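As structure tokens, the structure follows; a few thoughts come after it.
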Protein chains: 2
Amino acid sequence: QWVGGIDGFLRLIDQTKLPVEEVYFDCNSVEQTHDAIYRLVVRGAPAIGIAAAYGVSVAIGTAMKEQADARKAALAAIDYLATSRPTAVNLFWALDQMRVVVNEATDQELADRVLQKAKAIHEQDRQTCAAIGQHGAPLLNGCRNVLTHCNAGALAASEKGTALAVIYAAHELQPELHVYADETRPLLQGARLTAWELARSGVDVTVLCDNMAASLMQAGKVDAVVVGADRIAANGDAANKIGTYPLAIVARHHGVPFYVAAPVSTFDRTLADGAGIPIEQRDAREVSHPYGTQTAADGANIYNPAFDVTPAELITAIITDQGIIQPVNAANVAKTIGLS
Amino acid sequence: QWVGGIDGFLRLIDQTKLPVEEVYFDCNSVEQTHDAIYRLVVRGAPAIGIAAAYGVSVAIGTAMKEQADARKAALAAIDYLATSRPTAVNLFWALDQMRVVVNEATDQELADRVLQKAKAIHEQDRQTCAAIGQHGAPLLNGCRNVLTHCNAGALAASEKGTALAVIYAAHELQPELHVYADETRPLLQGARLTAWELARSGVDVTVLCDNMAASLMQAGKVDAVVVGADRIAANGDAANKIGTYPLAIVARHHGVPFYVAAPVSTFDRTLADGAGIPIEQRDAREVSHPYGTQTAADGANIYNPAFDVTPAELITAIITDQGIIQPVNAANVAKTIGLS
């Protein structure tokens, strides 16, 4: 994604244009990077952390060109990028690491070390995704049909993603594995992104509207659900794309295992439970005017939260890069993610 | 909706164009009537029964103009209109009544009696809707926020509808009553139709995506759910718009009462339970290309059932024109709808 040296730029596939167009969006300024995160050109908890890390390098590049104070620009960029989206904690986790490097580096080494750190975060995420896949695949042993929501795949992280890393790893062992992808209103990341990347990878995928998953489960056609997460509290309550919570309730009602896959960077140790997770409210037009067509009647109010919180007790297991958390509770979370 | 005398035609508001355009679709032939039902120009279980009944009059009008056999044309129209949609039983209920009249009437009185019968079915539905509203309103006593799915209002029936008749009647008693309307993918009848008719009637309404209802209930913001039905089995299992079943599960999970409102003509006495209800599968493009924009990736399969079945045990009460069925079971269904 990073193109060039320390004066390079961040190149992103523009996810708002998929699946119809594959075009790139180049971030040559920190404002463009912020805009890319805010508009969901890049989205998915791990991916926005990585993009924001590179955004600090972009800010230093701009400052060097303008002969401005690079360290000051980097710290301002960190504060500014932290305002791009509120819920996914990986964004703040990545920016906190960048801040340490910015504060520690000498003037001479600043640009190099910041770019190295961003690349290290990116590389670490690749290994994290692979580890999640390896830990999670055995849970899908014998499953014929797996359902997922939103996109927690290669487009949301590096390489294989989180929830989809589990599915890709299971698919290698069981090529007949079939995936149901919730379309995921309002922005349809499931239909547009998950179906796109699974189909390209040779995984048989079926798209359905979010409200159709229950009838599939009623017919016994879903063996497991695997989703990602944007922030997980210390007790295992997990915020993820809106629509995850009802899916967990419906899965429990039908006795279908419900798995959350996420790197340990998604855990927020400062929150005892999910009640404290900030939930982003987005523009009403995402609901009322999908793709520019007015669908909601004039005079109606609109409710458009981007996330909901699934309580730990509805989650069968959390699949992390450090291992499986099962049953999901504060003690097991602490044990797996290394809290004392 | 009927314009003119026995040589008149059926005029429908074209629901596929709402809420942006209010235009009418005139049915001057039985083919146009079939098309209007199939394409959802007119939809909602009671409304398609009424439209089909008038469609028989349209067929007789055409036969008279062409000096063809009117009775033969009417019987052919009944068979043909019965193929327009499979799930809502009101369609077959209305056509069965029309068949009796067509078979009984003399040649001289045929056209008159058929049109009279269609108008009688229409008038009966008005009274039915009013009765449902009167029976159901007390159940919403003290409710501040009510959630509904799809459109079971004036556009789905006569006058006030079924589920919305209950809401309109409750709103007269409690003007502060606020309604949450699920948008109802794929065809967005909630956003387009329910929000349109409630806003026009002065009822405060908020549109949300189907997958957002659970987070509202989690926050304690929904006091009751009221939906319609397309076919109800003898034990109370109810088929309704896709997305009703997960809503019932989620309501039960949160202890929110879940009401189904429907006329007794929606009951199918021939089915012991919901397993036998035929579920219409509709065109993949409704999911993959909403409003002409491709959203689902190439290479993905599509699942698009139009209805799901909610088991009786998840339904708090069924509100009919003949009274309330509560608890919902075969004995209480039989008692209320007059089976012996």
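Proteins get letters first, then strands, A, B, ... in listed order; numbering begins at 1 in each. Just so you know, these numbers come straight off a predicted model, no measurement behind them. Heavy-atom basis, side chains included; hydrogens, waters and symmetry copies ignored.
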Under a 4.5 Å cutoff for heavy-atom pairs, which residue among [options] has the most contacts with chain B?
{"options": "A/Asp308, A/Leu208, A/Asp204, A/Val205", "value": "A/Val205"}
{"options": "A/Pro311, A/Ala284, A/Pro186", "value": "A/Pro186"}
{"options": "A/Ala199, A/Ala213, A/Pro305", "value": "A/Pro305"}
{"options": "A/Gly190, A/Gly243, A/Gly292", "value": "A/Gly243"}

Practice task
Enumerate by number any residue of residues 244-259 of chain B whose heavy atoms lie under 4.5 Å from heavy atoms of chain A; in the absence of such residues, state 'none'.
Solution key: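 Residues B/Tyr245, B/Pro246, B/Ile249, B/Val250, B/His253, B/His254 are the ones that qualify, each having a heavy atom under 4.5 Å from chain A.
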For [X], is it the side chain, the backbone, both or neither that has a heavy atom under 4.5 Å from a heavy atom of chain B?
{"X": "A/Leu216", "answer": "both"}
{"X": "A/Asp210", "answer": "side chain"}
{"X": "A/Gln294", "answer": "both"}
{"X": "A/Thr293", "answer": "side chain"}
{"X": "A/Ala296", "answer": "both"}
{"X": "A/Leu314", "answer": "side chain"}
{"X": "A/Ile302", "answer": "both"}
{"X": "A/Asp182", "answer": "neither"}

Practice task
Test the A/Arg192-A/Trp196 pair against the cation-pi criterion, namely NZ or CZ under 6.0 angstrom from the six-membered ring centroid and within 45° of the ring axis.
Solution key: no
Exercise for the section: Any chance you could lay out the side chain to side chain contact (heavy atoms under 4.5 Å, CB included) test for B/Thr310 and B/Asn240, step after step, and finish with the verdict? Expected result: CA-CA 8 Å; B/Thr310 301; B/Asn240 189 44; 5.9 Å; no
Exercise for the section: Give the C-alpha distance, both sets of side-chain angles, the deciding distance and a yes or no for side chain to side chain contact (heavy atoms under 4.5 Å, CB included) between B/Arg144 and B/His178. Expected result: CA-CA 6 Å; B/Arg144 180 74 186 78; B/His178 166 258; 3.8 Å; yes
Is [X] atom [atom1] crowded by more than 12 heavy atoms from other residues, nucleotides or ligands, each under 6.0 Å away?
{"X": "A/Glu313", "atom1": "CD", "answer": "yes"}
{"X": "B/Arg39", "atom1": "CZ", "answer": "yes"}
{"X": "B/Tyr291", "atom1": "OH", "answer": "yes"}

Problem - Side chain, backbone, both or neither of B/Val207 within contact of chain A (heavy atoms, under 4.5 Å) - result: both
Problem - Stepwise side chain to side chain contact (heavy atoms under 4.5 Å, CB included) test for A/His171 and A/Val179 - result: CA-CA 10 Å; A/His171 186 260; A/Val179 178; over 6 Å; no
Handout entry: Qualifying salt bridge (charged side-chain N to carboxylate O under 4.0 Å, His left out) pairs with a residue from residues 225-243 of chain B, counting only residues at least two apart or across chains
Key =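 The answer is B/Arg231-B/Asp268.
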Practice task
For the pair A/Thr87 (side chain) and A/Glu280 (backbone), establish whether a donor and an acceptor sit closer than 3.5 Å, ignoring hydrogens and angles.
Solution key: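 A pair under 3.5 Å: yes.
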Exercise for the section: Without swapping roles, check the side chain of B/Thr162 against the backbone of B/Ala262 for a donor-acceptor pair under 3.5 Å. Expected result: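 Between the backbone of B/Ala262 and the side chain of B/Thr162 there is no qualifying donor-acceptor contact (under 3.5 Å).
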Problem - Polar side chain donor-acceptor pair, A/Tyr303 to B/Ser215, under 3.5 angstrom - result: yes
Practice task
Go through the side-chain N and O atoms of A/Arg43 and A/Gln15 and say whether any donor and acceptor fall under 3.5 Å apart.
Solution key: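 Present: a donor and an acceptor within the cut-off.
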Handout entry: Trace of the side chain to side chain contact (heavy atoms under 4.5 Å, CB included) decision for A/Met217 with A/Tyr180
Key = CA-CA 11 Å; A/Met217 292 193 203; A/Tyr180 286 110; over 6 Å; no
Handout entry: Which of B/Pro19, B/Ala195, B/Gly299 touches chain A most, by non-hydrogen pairs under 4.5 Å
Key = B/Pro19
Practice task
Among the options B/Leu198, B/Thr206, B/Ile279, pick out the one with the most heavy-atom pairs lying under 4.5 Å from chain A.
Solution key: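 Heavy-atom pair counts peak at B/Thr206.
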